[in-house]
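What follows is one structure encoded as structure tokens, with my remarks underneath.
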Amino acid sequence: MCARFAGASEMANLMVTERERYNARDVEARWQKVWDEKDVFKTSNEDPREKYYVLEMFPYPSGRIHMGHVRNYAMGDVVARYKRARGFNVLHPMGWDAFGMPAENAAMQNNVHPKDWTYENIAFMRGQLKIMGLSLDWSREFATCDVEYYTQQQRLFLKFLEAGLVYRKKSKVNWDPVDMTVLANEQVIDGRGWRSGALVEQRELTQWFFKITDYSEDLLEAIDTLDRWPEKVRLMQKNWIGKSEGLRVRFEFTAPAPTGDKTLEIFTTRPDTLFGASFMGLSPDHPISVKLAESNPDLAVFIEDCRRIGTSAEAIETAEKKGMDTGLRVKHPLDASIELPVYVANFILMDYGTGAIFACPAHDQRDLDFARKYGLPVKPVVLPKDADAATFDVADIAYTDDGTIFNSGFLDGLSIAEAKETVAKKLEAVIIDGSAQASRQVNYRLRDWGISRQRYWGCPIPVIHCDDCGVVPEKDENLPVKLPDDINFDKPGNPLDRHATWRHCACPKCGKPARRETDTMDTFVDSSWYFARFTAPHADQPTEPAAANGWLAVDQYIGGIEHAILHLLYSRFFTRAMQKVGALNLKEPFKGLFTQGMVTHETYKSTEGKWLSPTEIQFIEGDTRSAIEVATGAPVTIGSIEKMSKSKKNTVDPTDIIETYGADTARWFVLSDSPPERDVIWTEEGVQGSWRFVQRVWRLVGEVAATPKRSTEAPQMGDAALELRRATHKTLAAVSRDIEGLGFNRAVARIYELVNQIGKTVHNGLGDADTAWAAREACDYLVMMMAPMMPHLAEECWTELGHSGLVAEASWPALDESLLVEDSIVLPVQVNGKKKGEITVARDASTADVEAATVAQEFVQRALEGRAPRKIIVVPQRIVNVVG
RNA sequence: GCCCCUGUGGCGGAAUUGGUAGACGCGACGGAUUCAAAAUCCGUUUCCUGUGAGGGAGUGCCCGUUCGAGUCGGGCCAGGGGCACCA
């Protein structure tokens with residue numbers, strides 16, 4: 001509880017001791033028990049109704065849930081409960097993304113076993129989720145570290161291996177020599193390991209890869225079918241896959257390279273600028289560079305330097321363009337009289353294209369930087385639209401925009417596109433050494449997915465290394481390859497490597513002693529297919545294809561934008577791969593995707609500059625802009641609003657909030673204040689507003705419930721009663737539409753409006769039978785409409801209103817369309833586009849009648865200042881505009 | 001550098017997709033109730049001007065399209081995000 005409202009906790013307690021107050025804590029526990037005992041949210045695979053699969057990204061069991069989880073799961077729960085009320089057979093499961101580094105860090109720091117740490121966290125967090133009152137089918141729960149789950153993952157791996165979707169290759173990695181582990185690029189900070197602080201080395205390791213690039217084109221193309229995904233995410237995925245079309249061109253060496261190659265093959269997207277070529281560039285890792293280095297110590301040193309620089313973003317940004325002349329020369333493919341030097345250059349990547357380029361400094365910034373440094377020629381060949389060919393030159397900025405080709409012989413005068421095509425056609429027809437000099441090629445930025453991790457707490461890769469047979473897959477009947485429990489973390493590195501017995505086994509092929517693979521799988525593998533596993537969580541195969549095909553795709557997937565690329569792309573790949581091995585039969589796992597915003601909070605700092613949590617500060621009475629530190633009384637600096645994080649201490653614990661105000665209040669608040677895709681600012685005032693609303697609804701429902709139960713037939717309605725009925729049904733139409741479109745904040749606002757209207761009616765008295773009838777209908781509808789967001793309060797009110805059965809099992813209320821249209825309507829009247837007043841006319845009034853009514857208005861005459869209207873535009877049932 | 005998104009009161013945000021800008025909530029202010037407080041209820045709250053009815057301006061800035069623009073188009077400015085030696 002926030003110290004700013006140190007009194008609030010006691011306040012809330014005081015409130016609940018008053019008899020008529022709504023006691024969230026007791027009520028919520030009671031209804032949760034009822035739902036549980038009746039198995040209300042258990043879902044059957046055999047239900048004949050239309051299916052709806054709603055899923056929130058499952059949590060990592062870090063120890064406690066945070067407000068981000070609350071927001072995410074509240075949203076999913078609204079959808080699940082709404083769709084259930086709409087008659088769908090709803091699958092809404094929950095599980096745990098339970099493998100990963102933090103468990104091992106905890107093991108090293110606190111001497112607990114990763115398994116114990118993980119399962120204890122899961123038990124605690126499950127309890128936290130349960131008090132949120134989520135409509136989850138807990139019978140389908142699993143953790144990815146459950147042996148049952150990772151057994152099936154190993155089975156999938158072996159099927160992928162058999163299907164040619166898995167391979168091993170040597171690859172460069174960031175290696176932390178102290179922790180003895182591979183680091184992801186994000187874990188390298190200023191060239192040092194994020195944990196150990198040791199200088200990171202580039203190492204070549206043999207690693208396992210998934211062939212995601214087999215699906216580059218398919219993954220790219222199918223993005224266009226994902227029309228219920230945010231445009232932003234689709235764009236990010238497109239950019240990540242990074243398709244570029246170009247030409248592979250082979251340049252003839254003047255004398256064969258030391259590797260024996262007669263030609264140097266490069267990839268370019270700008271064949272139109274070939275006449276601007278000034279030199280060739282090789283990656284330091286190119287086979288020719290490597291071969292040359294064997295007999296050239298200077299080059300060997302240079303290549304070693306390049307490798308040390310690493311792959312982090314900072315390193316790349318600050319690195320100067322550097323290179324070394326190899327002494328090799330090639331012939332220009334379009335003009336054999338031109339010879340070009342071949343350099344090894346530090347900015348060329350081995351794993352894109354062919355690891356070699358031709359450089360055109362005038363039209364590529366990197367090439368230009370390099371050319372200026374080494375005094376190489378810069379020859380412009382693309383002329384900007386209004387430039388003069390005689391004087392146009394490039395200084396320090398390469399010209400990369402559109403223009404006309406010049407200085408290029410037979411290409412002169414062509415557009416860039418025409419020149420590309422002309423060059424391609426010409427070089428495709430030239431045969432060197434038995435094959436075409438050039439071929440069109442599509443290149444992707446997307447790389448294969450390296451899944452090897454030198455870690456203990458992950459899914460073991462089920463293969464065996466045999467001296468005689470090489471790499472041998474484990475036999476299916478020998479699965480699972482279980483993680484050993486008896487490990488220790490007293491030394492850095494992978495405990496599986498050091499285990500006394502675990503890695504020793506018999507070769508599945510020849511039976512001789514062999515060694516297990518000790519690498520485990522990237523945890524992204526675990527989360528790439530869990531959504532499929534939920535459809536048959538206890539199957540003895542990875543999936544039950546009938547169940548998977550019946551439930552998938554996920555109709556609505558909800559989670560953070562931070563997974564916009566990797567998790568979602570891997571899952572899309574996995575679904576395709578699983579289709580290939582017959583585990584299911586579809587390509588796209590998530591039909592609808594929604595990425596919710598973060599939960600943010602003000603930050604606070606002490607006079608010494610230390611971060612302070614909201615519980616450590618107290619606001620000065622009546623002032624929300626100044627506060628003091630509780631412990632010292634010193635003034636507090638109130639900082640910017642940021643994502644809740646442990647490091648900035650600006651977190652609010654969901655459990656504290658739920659204990660004080662109840663889960664419904666917490667859920668209502670995170671749904672109400674901001675559009676769900678944007679960040680929401682957590683404020684104590686806001687939560688109290690939600691809490692006030694809960695009490696208000698409870699009071700109003702209580703007053704209405706004291707009136708006699710309404711008959712099925714509506715009585716003759718008076719004006720006030722009819723107005724309330726109209727409001728009720730309009731709200732129903734709007735809330736339905738808003739929830740369908742995930743506009744929870746709008747749905748909340750509509751519900752507030754209805755409650756205000758009910759309040760007004762109650763305030764004016766419920767004496768008339770028709771008013772009481774309308775008020776009861778309004779409350780029945782209100783309770784149903786708020787049930788997806790505040791399920792406990794809804795159940796309690798439902799009972800109070802005299803209904804038997806559960807709201808959780810009730811159908812969405814019926815809409816009376818006739819109440820949405822009114823006989824007379826208010827039309828705004830503009831004069832020359834500015835609103836001057838309004839008129840009330842019959843709904844079906846003719847244009848002529850509306851015009852007549854308009855010109856008769858005194859305010860219209862006044863605004864026209866005596867002139868006659870030149871034109872009157874009547875938009876039926878919308879607006880009138882008088883042009884004068 | 002490339003790609004994308006967002007700019008509306010003191011604050012979070014609505015606006016039927018070109019038709020009454022500011023719904024709803026928070027905060028603030030005034031009042032009722034109370035011995036007093038809490039809670040609750042009733043008001044006011046975009047800005048300027050006016051005692052008032054009213055009048056004028058207004059959705060980051062400029063220009064345009066339109067009877068009519070927060071919404072569409074063009075050009076700026078500011079903030080945020082993604083990718084980044086990708087040839």
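Excluded from the calculations below are hydrogen atoms, water molecules and symmetry mates; all remaining heavy atoms, backbone and side chain alike, are included. Per chain, numbering begins at 1; letters A, B, ... match sequence-line order.
Under the 3.5 Å distance criterion, with hydrogens and angles disregarded, no donor-acceptor pair is assigned to the side chains of A:Thr665 and A:Tyr22. Using modelled atom types, one finds no donor on one side chain facing an acceptor on the other under 3.5 Å when comparing A:Ser672 with A:Asn745. Inspection of the A:Arg696 and A:Asn756 side chains reveals an N or O donor paired with an N or O acceptor under 3.5 Å.
Going from atom CG of A:Asp272 over to atom P of B:rA87 covers 13 Å, rounded to whole Å. Residue A:Phe744 contributes atom CZ, which lies 14 Å from atom P of B:rA14 at whole-angstrom precision. Atom pair A:Met236:CE and B:rC3:P shows a separation of 17 Å (rounding to whole Å applied). Per the geometry, CG belonging to A:Leu569 stands 13 Å off P belonging to B:rC83, to the nearest Å. Straight-line distance from the NZ atom of A:Lys232 to the P atom of B:rG82: 8 Å, rounded to whole Å. Between the CZ atom of A:Phe267 and the C1' atom of B:rC85 there is a distance of 16 Å, given to the nearest Å. Put simply, CD1 on A:Ile872 is 16 Å from P on B:rG68, counting in whole angstrom units. What separates NZ of A:Lys238 from C1' of B:rA84 is a distance of 20 Å, to the nearest Å.
To the nearest whole angstrom, the two P atoms, one in B:rA38 and one in B:rG82, are 46 Å apart. Rounded to a whole angstrom, the distance from the P atom of B:rG75 to that of B:rC3 is 13 Å. Look at the C1' atom in both B:rA15 and B:rA84: the space between them is 39 Å, to the nearest Å. Comparing the C1' positions of B:rG60 and B:rG7 gives an interatomic distance of 6 Å, to the nearest angstrom. For the P atom pair drawn from B:rU65 and B:rA53, the interatomic distance equals 38 Å after rounding to whole Å. Of the P atoms belonging to B:rC63 and B:rU44, the separation is 37 Å, rounded to the nearest Å. Separation of the C1' atoms belonging to B:rG12 and B:rG22 is 13 Å when rounded to the nearest angstrom. The P atoms of B:rU20 and B:rG30 are separated by 35 Å, rounded to the nearest whole Å.
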List, with names and distances, any nitrogen or oxygen atoms from the protein found under 3.5 Å away from nitrogen or oxygen atoms belonging to nucleotides 52-61 of chain B.
residue : atom : partner  : partner atom : Å
B:rG55  : OP1  : A:Arg862 : NH1          : 3.4

Please write out each protein N/O paired with an N/O of nucleotides 21-24 of chain B under 3.5 Å, distance rounded to 0.1 Å.
residue : atom : partner  : partner atom : Å
B:rA23  : O2'  : A:Glu753 : OE2          : 2.5
B:rA23  : N3   : A:Arg750 : NH2          : 3.4

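Residue contacts shown for A:Ile873 include a base, since a base heavy atom lies under 4.0 Å away. Using a 4.0 Å heavy-atom distance criterion, A:Ser690 is classed as making no nucleic acid contact. Within 4.0 Å of A:Ile751, counting heavy atoms only, lies no atom of the nucleic acid at all. A:Asp364 comes within 4.0 angstrom of no nucleic acid atom, judged by non-hydrogen atoms across all strands. Among the protein residues, A:Gly689 comes within range of the sugar-phosphate backbone only, with heavy atoms under 4.0 Å from sugar or phosphate atoms but none that close to a base. Counting non-hydrogen atoms under 4.0 angstrom, A:Ser672 reaches nothing in the nucleic acid. Among the protein residues, A:Val875 comes within range of the nucleic acid bases, having at least one heavy atom under 4.0 Å from a base atom.
A donor-acceptor contact under 3.5 Å is not formed by the side chain of A:Arg366 with the base of B:rC86. For A:Asn239 against B:rC83, a side-chain-to-base donor-acceptor contact under 3.5 Å is absent.
When each of A:Trp691, A:Phe693, A:Phe744 is tested with A:Trp668 by the rule ring-ring contact (aromatic ring centres under 6.0 Å, His included), just one qualifies, namely A:Phe693. Checked options A:Val841, A:Thr854, A:Val831; the residue passing with A:Val880 is A:Thr854 (criterion: side chain to side chain contact (heavy atoms under 4.5 Å, CB included)).
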Applying salt bridge (charged side-chain N to carboxylate O under 4.0 Å, His left out), run through A:Glu740 and A:Arg737 and close with a yes or a no. CA-CA 5 Å; A:Glu740 297 273 1; A:Arg737 199 178 52 230; over 6 Å; no
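Using a 4.5 Å cut-off on side-chain heavy atoms (C-beta onward), A:Ile266 and A:Arg248 make no contact. No side-chain heavy atom of A:Val882 sits less than 4.5 Å from a side-chain heavy atom of A:Gln830.
A:Lys379 contributes a side-chain N or O that, together with a main-chain N or O of A:Phe275, makes up a donor-acceptor pair within less than 3.5 Å. For the pair A:His363 (side chain) and A:Val382 (backbone), a donor-acceptor distance under 3.5 Å is present.
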Taking Watson-Crick and G-U wobble pairs with both distances under 3.5 Å, convert RNA chain B into its dot-bracket string, 5' to 3', dots for unpaired and | for cross-strand pairs. (((((((..(((......[....)))((((((.......))))))((((....))))..(((((..]....))))))))))))....
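You'll find that the side chain of A:Lys321 is closest to B:rC85, out of B:rC3, B:rA87, B:rC85. With distances taken from any side-chain atom of A:Arg696 to the nucleotides B:rC85, B:rC41, B:rG12, the minimum falls on B:rC41.
Minimum heavy-atom separation, A:Val394 to A:Ala362: CG2-O, 3.7 Å.
Distances shorter than 4.0 Å separate none of the side-chain N or O atoms of A:Thr269 from OP1 or OP2 on B:rC86.
The nearest heavy atom of RNA chain B to A:Ile681 and to A:Pro828 marks one nucleotide each, and the one closer to the 5' end goes with A:Ile681. Comparing A:Arg678 and A:Gly759 along RNA chain B, the residue whose closest nucleotide (by nearest heavy atom) sits nearer the 5' end is A:Arg678.
Summarising the local packing, CZ of A:Arg870 is surrounded by 12 or fewer heavy atoms from other residues, nucleotides or ligands at distances under 6.0 Å. Applying the 6.0 Å contact sphere to NZ of A:Lys643 captures no more than 12 heavy atoms from other residues, nucleotides or ligands.
The glycosidic torsion of B:rU16 lies more than 90° away from 0, which places this base in the anti conformation.
Using cut-offs of 30° and 60° for the angle between ring planes, the A:Phe251 and A:His332 rings count as perpendicular.
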